[in-house]
Asks: 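Mind looking over this structure? Questions follow.
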Amino acid sequence: MAYILNEKLKNLVPYSGSAGVYDVRLDANESFLNPGELFKEELQAALLEMPLNRYPDPSCRKLREAFGKAYRIAPERVVAGNGSDELLSLLLGAFLQDDQKLLTLEPDFSMYGVYAEIYGKQMVSMEKENMEIHVDSVLEKMEREQADVLIFSNPCNPVSSVLKRDDVVRLIRSTDKLVIVDEAYMDFDSEDSVVDLAGVCDNLIVLKTCSKAWGCAGIRLGFAVSSEEITGVLNALRSPYNVSSFTQAAGCVILNHAEYLQKAAEEMKASAAKLYAGLLPLEKCGKVKRIRRSKTNFVFIETERADELHSALRERSILIRKTAGNLRITAGTEEENRRVIEALFELFGEEREQK
Ligand code: PMP
């Protein structure tokens with residue numbers, strides 16, 4: 001008898017990531033700086049000392065200590081994961097119970113919905129007003145929908161808008177439901193971070209990653225910070241050796257260089273500011289609807305022509321991200337920014353000539 005996959009699994013689409021070879025890749029919000037070059041010697045020394053025959057430290061003790069030092073957080077309230085993606089999968093899969101309902105605020109990071117669907121969880125989405133979060137509307141929606149868990153990214157991927165710390169705090173303190181704040185992009189400017197409150201507010205989980213401002217997407221390292229009770233549950237739910245010895249060692253090297261984070265974040269924000277300024281004339285002359293200024297390493301372009309522009313850039317070997325019906329471009333090196341700006345102007349210029 002032939003094996004038949006169930007209908008739900010047949011329709012799943014793999015996360016495309018950024019497969020393929022492109023001259024310019026500005027699609028995944030990676031850093032254009034490689035700290036691996038800067039810290040080569042420390043990384044090599046760590047590799048030489050590593051006992052490959054042994055399992056990694058299941059508690060990631062040194063890594064959590066390094067994270068705790070960098071963020072002034074007690075290591076006991078930290079769980080490390082194979083990217084924050086693994087922690088999201090754990091939170092929206094095993095942690096969220098089948099009779100609980102998840103609320104997402106759209107547009108937001110697409111994987112929240114993907115995980116909820118894969119794990120068959122109940123999910124309700126709310127459209128943001130003008131792509132911004134309004135705390136009272138969210139609280140009202142949570143109440144009306146009887147949602148048990150709220151998740152959102154702050155700053156928001158893909159829009160790049162930021163909910164101010166006071167508002168986040170009011171949101172967390174106005175509900176006894178679980179609030180997961182995904183701060184993947186908060187390291188670019190941490191003034192609105194609430195990571196210090198994870199543990200103080202027992203209904204808060206804050207997610208962090210080394211993939212963005214730290215520039216270490218390749219090592220796959222993320223963190224969840226929460227109360228000791230939730231930390232204990234996450235530790236029980238995760239697989240025992242979820243963070244490899246390589247990642248633990250590289251993570252310790254990078255996290256012990258807090259000065260690197262500041263410098264890298266400034267450089268990436270400066271690049272994003274230049275990208276924004278370079279593209280702005282397209283908004284001014286009405287070619288695109290809106291370009292959003294950002295405190296992160298990407299810009300968001302609202303346009304009705306997202307599909308067409310995305311494909312046309314691909315044909316020019318430039319990969320950007322089509323998301324939420326619009327476009328998101330990661331800030332790159334000067335040369336990468338120049339290529340994407342020129343290509344977009346050319347595409348609009350060609351259109352002007354044809355009309
Ligand atoms: N959260 C947000 C908002 C993201 O944009 C991303 C990556 N694009 C992640 C989480 C996952 O990050 P990672 O798994 O690389 O830590």
Side-chain angles (χ1 to χ4, degrees), residues 14-19 25-32 35 60 63 67 70-71 78-93 102 104-116 118 128 131 133 150-163 168 179-190 192-195 205-225 234 238 242-244 247-248 250-251 254-255 261 268 272 292 294-300 319-324 326-331:
Y15 183 77
S16 62
S18 34
R25 290 169 60 141
L26 300 174
D27 65 313
N29 288 348
E30 295 151 328
S31 171
F32 62 88
C60 299
L63 183 63
F67 178 90
Y71 289 92
V78 180
V79 177
N82 182 8
S84 50
D85 259 330
E86 185 199 15
L87 299 165
L88 279 169
S89 159
L90 207 61
L91 285 166
L92 303 184
L102 176 72
T104 64
L105 313 176
E106 300 302 330
D108 209 337
F109 184 39
S110 57
M111 291 308 292
Y112 307 150
V114 171
Y115 286 128
I118 290 173
K128 293 175 188 165
M131 298 204 184
I133 296 175
L150 167 69
I151 187 165
F152 63 95
S153 59
N154 194 35
C156 169
N157 171 20
V159 182
S160 86
S161 52
V162 179
L163 186 64
V168 184
V179 181
I180 305 173
V181 184
D182 181 349
E183 293 193 352
Y185 296 90
M186 190 59 87
D187 293 327
F188 290 100
D189 182 344
S190 57
D192 294 305
S193 174
V194 290
V195 71
I205 302 178
V206 175
L207 295 176
K208 293 277 184 190
T209 179
C210 286
S211 300
K212 307 301 174 187
W214 287 103
C216 290
I219 68 173
R220 310 303 302 123
L221 181 59
F223 297 91
V225 189
L234 289 176
R238 71 181 169 86
N242 62 330
V243 182
S244 76
T247 299
Q248 292 193 35
I254 188 77
L255 288 165
L261 178 66
M268 278 184 267
R292 295 205 177 232
S294 160
K295 276 176 148 186
T296 61
N297 67 334
F298 60 91
V299 297
F300 184 70
L319 189 64
I320 63 167
R321 182 90 175 158
K322 196 175 60 185
T323 173
N326 292 293
L327 297 174
R328 191 196 69 194
I329 309 180
T330 307

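Whatever order the structure lists ligands and atoms in, that order sets their numbers, starting from 1. Along the sequence shown, residues are numbered consecutively beginning with 1.
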Asks: So, do Phe152 and Val181 sit near enough that their side-chain heavy atoms are less than 4.5 Å apart?
Replies: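 Yes; the side chains approach each other to less than 4.5 Å.
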Asks: Give the numbers and elements of all ligand 1 atoms closer than 4.0 Å to a heavy atom of Ala184.
Replies: 1 (N), 2 (C), 3 (C)
Asks: Using a 3.5 Å cut-off on N or O atoms only, is Ser84 in polar contact with ligand 1?
Replies: yes
Asks: Measuring from atom 8 (N) of ligand 1, which candidate in Met111, Lys212, Arg328 has the nearest non-hydrogen atom?
Replies: Lys212
Asks: Under a 3.5 Å threshold, yes or no: a donor from one side chain and an acceptor from the other, between Asn157 and Arg328?
Replies: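 Present: a donor and an acceptor within the cut-off.
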Asks: Could you go step by step and tell me if Met131 and Cys156 meet the side-chain contact (heavy atoms from CB on, under 4.5 Å) rule?
Replies: CA-CA 9 Å; Met131 298 204 184; Cys156 169; over 6 Å; no
Asks: Please identify which of these residues, Val162, Asn154, Ile133, meets the side chain to side chain contact (heavy atoms under 4.5 Å, CB included) condition with Val168.
Replies: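 With Val168 as partner, side chain to side chain contact (heavy atoms under 4.5 Å, CB included) holds for just one option, Asn154.
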Asks: Just jot down the ligand 1 atoms closer than 4.0 angstrom to any heavy atom of Gly83, in number order.
Replies: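 It comes down to these atoms of ligand 1: 14 (O), 16 (O).
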Asks: If the condition is side chain to side chain contact (heavy atoms under 4.5 Å, CB included), which residues does Ala250 pass it with, not counting sequence neighbours?
Replies: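 Ala250 satisfies side chain to side chain contact (heavy atoms under 4.5 Å, CB included) with Leu43, Ile219 once adjacent residues are dropped.
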Asks: Just say parallel, tilted or perpendicular for the rings of Phe188 and Tyr185, cut-offs at 30° and 60°.
Replies: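 Because their plane-to-plane angle is under 30°, the rings of Phe188 and Tyr185 count as parallel.
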Asks: Could you tell me, atom by atom, which parts of ligand 1 come under 4.0 Å of a heavy atom of Arg220?
Replies: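 Those qualifying, in numeric order: 13 (P), 14 (O), 15 (O).
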Asks: Considering distance alone, does some N or O of Asp85 sit under 3.5 Å from an N or O of ligand 1?
Replies: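 The answer is yes, given that Asp85 and ligand 1 share an N or O pair closer than 3.5 Å.
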Asks: By number and element, which atoms of ligand 1 are closer than 4.0 Å to a non-hydrogen atom of Thr209?
Replies: 13 (P), 15 (O), 16 (O)
Asks: Flag the pair Asp192 / Leu163 as yes when at least one side-chain heavy-atom distance between them is below 4.5 Å, and no otherwise.
Replies: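 SC-SC contact between Asp192 and Leu163 ruled out.
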Asks: Keeping to residues at least two apart or across chains, list the salt bridge (charged side-chain N to carboxylate O under 4.0 Å, His left out) pairs with something in residues 152-162.
Replies: none
Asks: Could you tell me the residue and atom name of the protein heavy atom closest to atom 1 (N) of ligand 1, and the distance to it rounded to 0.1 Å?
Replies: Asp182 OD2, 2.5 Å
Asks: Closer than 4.0 Å to some heavy atom of Ser153 - which atoms of ligand 1 meet that?
Replies: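 Every atom of ligand 1 under 4.0 Å from some heavy atom of Ser153: 3 (C).
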Asks: Could you find the nearest protein heavy atom to atom 15 (O) of ligand 1 and give me its residue, atom name and distance?
Replies: Ser211 OG, 2.6 Å
Asks: Could you check atom 5 (O) of ligand 1 against the protein and tell me its nearest heavy-atom contact, residue, atom and distance included?
Replies: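 Of the protein heavy atoms, Asn157 ND2, 2.7 Å lies nearest.
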Asks: Could you tell me the residue and atom name of the protein heavy atom closest to atom 6 (C) of ligand 1, and the distance to it rounded to 0.1 Å?
Replies: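 Nearest neighbour among protein heavy atoms for atom 6 (C) of ligand 1, to 0.1 Å: Phe109 CZ, 3.4 Å.
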